[in-house]
Amino acid sequence: MISIPKINQVKIKNVDTSLSTKGGRVLEVSCGSHHFLTPTRPLSSTEIGAKSYLGYRGELKSDIAAIAVDFSGKRKELFLKNNGALNRSEKLLQSYSDATFNLPSMPVIQIDPFKADEKSHFKLAFEVERSIEGVDILSMPGVIGDIESFDGLVRDWCDSSEDNGFGSAVQLSLTEDVTSFSEKLDLLAEYSSSGSLQVLNIQYASPSKYRQQLATLWGKREKIHAIINCIGMTKSKYESTPGLVTDEETILLQNGFDMITKKKHSVSQGFVKYLAMQPKITSMQDIDDYRIARHSASVSIKKDLWNRMRHPPECSCSVCRGQERDKLIDRFGYLDNGDISKSGLRYYSELHDHQSDMQELEVFRRYTVSDGAEEYDRRVSENLSELRDLSKV
Ligand SMILES: [Zn+2]
């Protein structure tokens, strides 16, 4: 019998107290006989999918897994009323869980919040997650309701999870109004102190539009003894320099988040069939779009710029292994028979994004432990200006 790694304690180890009103935190998460530190980057459905597409056999270093299925927007109806769609998602979650059997893992059902009195919907989510073998933490979907009804649901979810041998995660959204967001955070801080809550999932929204909610979170970062995970993060579009897209990860970490899970996008079966019928690709111009993350400069390099750069920065992560761009294109841009791979480089960029982030977060933690948020910002700006020089082609 395989023993599932369980999170048994989340301890706040360091909080950066820089006066620049920034400063992340470091948690020590005990998990059976070992522990890991945050911020960390969870292994998600994105990397599991990329690894399997590429047949990549290298190991992806990770501390925890957040495995998502997408029932967002109009797909909510499928979750509630379509047995076929639900069964397919359960199978998908099970395959993700099998791929992360050595990590503590948590399913995340991306779905719009349920009203507090729609108890049968919460029951359905609970049963779906509980049925997946190998998961450690059950995540409650978001709730529309006042603080009392929210409290009632959280208590029930945490007690029921614990009775069944699971940890709990609860969900809030950055778009919630500030007063209610703040009250709910206080309530969840109490649950986290008593050990009944291990993860707080906060639904992503653009940090520049929800500054008050972020400041509220920042203000409470010293009393929430649970991993604060940003869920459903979407790709940023802002280019500070043409071809360099600003990453919001550092901003989120400096406001108290401990990890970030990107949004899982679902692809319809019809679209998969359509793709399979397309003629084979004969030019590198027609491959999927991708971006090469440069976490130490808090940006991603868009495909066209990366291809044009005379000296693209090299990366020492476990996927790139310090290889030059052309060597990486040889490794991931072609299929075994020599044909151009439509999606190979996109999937490679996802694995590199994850592994190079794991490296950078180690640096971020070092600066946090020494109260160095400002120095960290300086380091990011220096790396960014170096990258801007390299991108002048
Ligand atoms: Zn890399």
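Note that ligands are numbered from 1 as they come in the structure, with each ligand's atoms numbered from 1 the same way.
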Q) Which residue pairs pass the salt bridge (charged side-chain N to carboxylate O under 4.0 Å, His left out) test when at least one of the two sits in residues 46-58, sequence neighbours left out? A) R41-E47
Q: State, without any angle test, whether T368 and N14 hold a side-chain donor-acceptor pair at a distance under 3.5 Å.
A: no
Q) Applying the side chain to side chain contact (heavy atoms under 4.5 Å, CB included) test to V69, which of V128, I109, I111 qualifies? A) I109
Q. Can you list every side chain to side chain donor-acceptor pair (under 3.5 Å) pair that touches residues 208-217, not counting sequence neighbours?
A. S206-S208
Between side-chain atoms of residues 117-126 and protein atoms elsewhere (two or more places apart, or another chain), which donor-acceptor pairs fall under 3.5 Å?
| unit_1 | atom_1 | unit_2 | atom_2 | d |
| --- | --- | --- | --- | --- |
| E118 | OE1 | K115 | N | 2.8 |
| K119 | NZ | D156 | OD2 | 2.9 |
| K123 | NZ | E127 | OE2 | 2.7 |

Q) R25 and D258: salt bridge (charged side-chain N to carboxylate O under 4.0 Å, His left out), yes or no, with the steps? A) CA-CA 7 Å; R25 60 178 201 164; D258 307 303; 2.8 Å; yes
Q. Near the Zn ion (ligand 1), meaning under 2.8 Å, how many protein N/O/S atoms are there?
A. 4
